[in-house]
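This report concerns only the one structure given below.
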Amino acid sequence: EPEVTQTPSHQVTQMGQEVILRCVPISNHLYFYWYRQILGQKVEFLVSFYNNEISEKSEIFDDQFSVERPDGSNFTLKIRSTKLEDSAMYFCASSSDLEPQHFGDGTRLSIL
Amino acid sequence: SQQGEEDPQALSIQEGENATMNCSYKTSINNLQWYRQNSGRGLVHLILIRSNEREKHSGRLRVTLDTSKKSSSLLITASRAADTASYFCATGINFNKFYFGSGTKLNVKP
């Protein structure tokens with residue numbers, strides 16, 4: 001069964017640095033999402049992306065964050081000037097039209 | 001906020017028993033999904049139920065949706081130790097944005 005893959009599985013970054021989290025969605029999916037889960041807390045929606053533009057974003061997704069689909073297969077989340085509170089699991093998901101989302105196993109981001 | 005909230009927060013049962021988890025939400029929705037998360041892993045989709053549906057089944061899983069009460073339930077029948085995980089509901093008014101609840105931690109004792 002096709003999967004959403006995320007790399008790296010664990011990213012350690014110094015505070016203030018930029019980080020790029022990568023995702024390869026399922027190939028025929030059209031909708032792409034990023035979520036984050038701070039340790040012990042609920043999964044929080046960050047952003048959805050369709051037809052090469054952001055469809056929806058949450059209050060969390062401020063100017064520090066950006067998403068890109070640089071080619072036909074990758075979907076990236078960039079976090080600029082990382083802060084300690086950005087430490088979390090970041091999940092990518094994809095879906096086809098009006099169908100359930102399929103999630104990757106996540107990238108654990110640790111900001112030091 | 002539209003966020004779904006699950007209860008109970010934690011549930012411990014013996015293998016073979018049924019497990020029921022509930023989700024309540026605040027605003028009108030288009031769809032509601034249930035997910036499972038094993039510790040340290042991603043979310044695995046279980047069932048999607050749309051606002052015009054009342055009940056759906058998948059194997060040992062049964063999901064109900066009561067839009068008048070703004071609530072949903074997930075029933076796992078004949079539970080197994082492998083069902084031990086956290087279970088989340090996610091609500092959406094469309095398919096662009098979803099709100100997850102805090103989850104129910106299910107522990108199935110062998």
Side-chain angles (χ1 to χ4, degrees), chain A residues 1-7 9-10 21 23-26 29-51 53-61 67 88-110, chain B residues 1-10 21 23-27 29-53 56 58-59 61 63 65 72 74 85-105:
Chain A
E1 186 174 321
E3 290 182 342
V4 175
T5 56
Q6 291 185 243
T7 55
S9 57
H10 190 190
L21 309 182
C23 170
V24 179
I26 294 173
H29 284 182
L30 302 175
Y31 297 81
F32 314 112
Y33 311 83
W34 282 102
Y35 293 83
R36 79 173 184 191
Q37 186 179 30
I38 296 170
L39 186 64
Q41 297 186 24
K42 62 177 66 177
V43 175
E44 300 174 290
F45 170 81
L46 293 179
V47 66
S48 59
F49 192 85
Y50 170 73
N51 201 26
E53 58 183 29
I54 290 174
S55 307
E56 295 261 8
K57 59 182 181 179
S58 70
E59 310 75 39
I60 303 167
F61 194 89
V67 289
M89 284 289 288
Y90 286 81
F91 292 105
C92 173
S94 69
S95 69
S96 55
D97 196 19
L98 304 182
E99 290 298 322
Q101 300 164 89
H102 294 257
F103 281 77
D105 277 343
T107 292
R108 180 177 302 281
L109 178 63
S110 299
Chain B
S1 165
Q2 183 186 301
Q3 289 167 335
E5 288 299 334
E6 296 89 342
D7 83 271
Q9 290 186 328
M21 290 159 268
C23 170
S24 59
Y25 55 92
K26 294 180 181 174
T27 64
I29 61 171
N30 169 274
N31 64 87
L32 186 147
Q33 304 181 58
W34 283 93
Y35 287 86
R36 186 180 95 176
Q37 185 180 37
N38 289 85
S39 182
R41 301 297 304 276
L43 294 124
V44 175
H45 181 263
L46 298 175
I47 290 185
L48 161 71
I49 188 164
R50 301 176 200 268
S51 58
N52 60 351
E53 298 174 309
K56 283 189 94 165
S58 176
L61 307 180
V63 165
L65 178 64
S72 173
L74 169 67
S86 291
Y87 291 82
F88 297 88
C89 68
T91 55
I93 57 172
N94 50 40
F95 280 80
N96 288 327
K97 189 174 187 179
F98 297 91
Y99 293 95
F100 281 78
S102 300
T104 292
K105 278 193 175 174

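Chain letters run A, B, ... following the sequence lines, proteins first and then strands; every chain starts at 1.
- Ranked by heavy-atom pairs under 4.5 Å with chain B, the first of A/L39, A/V43, A/L46 is A/V43.
- One finds a salt bridge joining B/E5 and A/K42 here, because a Lys/Arg side-chain nitrogen approaches an Asp/Glu carboxylate oxygen to under 4.0 Å.
- Neither the backbone nor the side chain of A/Q41 has a heavy atom closer than 4.5 Å to any heavy atom of chain B.
- If you measure heavy-atom distances from A/F49 to chain B, you find no contacts under 4.5 Å at all.
- Within 6.0 Å of the CZ atom in B/R50, the count of heavy atoms belonging to other residues, nucleotides or ligands exceeds 12.
- The most heavy-atom pairs under 4.5 Å with chain A, out of B/G103, B/S86, B/G101, B/A90, come from B/G101.
- Heavy-atom distances place both the backbone and the side chain of B/L43 under 4.5 Å from chain A.
- Proximity to chain A (any heavy atom under 4.5 Å) is restricted, for B/N94, to the side chain, taken from C-beta onward.
- Only the side chain of A/Y33 comes within contact range of chain B, judged by heavy atoms closer than 4.5 Å.
- For chain B, no part of A/E44 is nearby; none of its heavy atoms comes within less than 4.5 Å.
- Closest of all the heavy-atom pairs between B/I29 and B/L32 is CD1-CB, 3.9 Å.
- At a cut-off of 3.5 Å, with distance as the only test, no side-chain donor of B/Y35 or B/Q37 sits close to an acceptor on the other residue.
- When the shell of 6.0 Å around NZ of B/K56 is examined, it contains more than 12 heavy atoms from other residues, nucleotides or ligands.
- Formation of a donor-acceptor pair under 3.5 Å by the A/S95 side chain with backbone atoms of A/P100 is not found in this model.
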